[in-house]
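Some notes on the structure that comes next.
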Amino acid sequence: MNDLADLAIKLAGKDGKLAHKHVPGPEGVRGRNSDNTLIKQVLGWAPSITLEDGFERTMKWIQTQIDAKKEAGVEEDYSTSKVVVQTTESLDALS
């Protein structure tokens with residue numbers, strides 16, 4: 001997660017680093033790394049772009065969405081988040 005945060009800072013063109021605080025969690029290689037061997041064997045699929053490239057594309061897409069809202073006169077505060085309660089009503093209607 002620290003590396004992903006550092007990558008986001010880099011791709012956003014920001015200077016500096018976050019102060020990393022170790023949070024107890026999974027330990028060892030299996031807890032931190034993905035082994036995509038099975039998905040390659042079973043589905044014949046492998047990522048076609050790097051994580052960095054995909055993250056950069058996603059960040060640019062998000063920025064275009066924000067810019068489009070601003071151009072449409074919609075101002076939103078992206079500095080906070082809110083809890084969204086998910087319901088199954090739309091899924092229930094499909095059955």
Residue pair M59 / L11: nearest heavy atoms and the distance that separates them: SD-CB, 3.8 Å
Test item: D3 and L7 side chains (from C-beta on) under 4.5 Å apart, heavy atoms: no
Pairs where residues 78-95 contributes a residue and the test salt bridge (charged side-chain N to carboxylate O under 4.0 Å, His left out) is met, not counting sequence neighbours: none
For residues 61-70, dump all side-chain donor-acceptor pairs below 3.5 Å to protein atoms at least two apart in sequence or in another chain.
residue	atom	partner	partner atom	Å
Q63	NE2	D67	OD1	2.9
T64	OG1	W61	O	2.6
K69	NZ	E76	OE2	2.7

Going by atom type alone, with no hydrogens or angles, which donor-acceptor pairs under 3.5 Å involve a side-chain atom of residues 45-52 and a protein atom two or more places apart or on another chain?
residue	atom	partner	partner atom	Å
T50	OG1	D53	N	3.0
E52	OE2	K10	NZ	2.8

Joint cluster assignment, L4 & I9, ILVMFWY side-chain distance < 4.5 Å: no
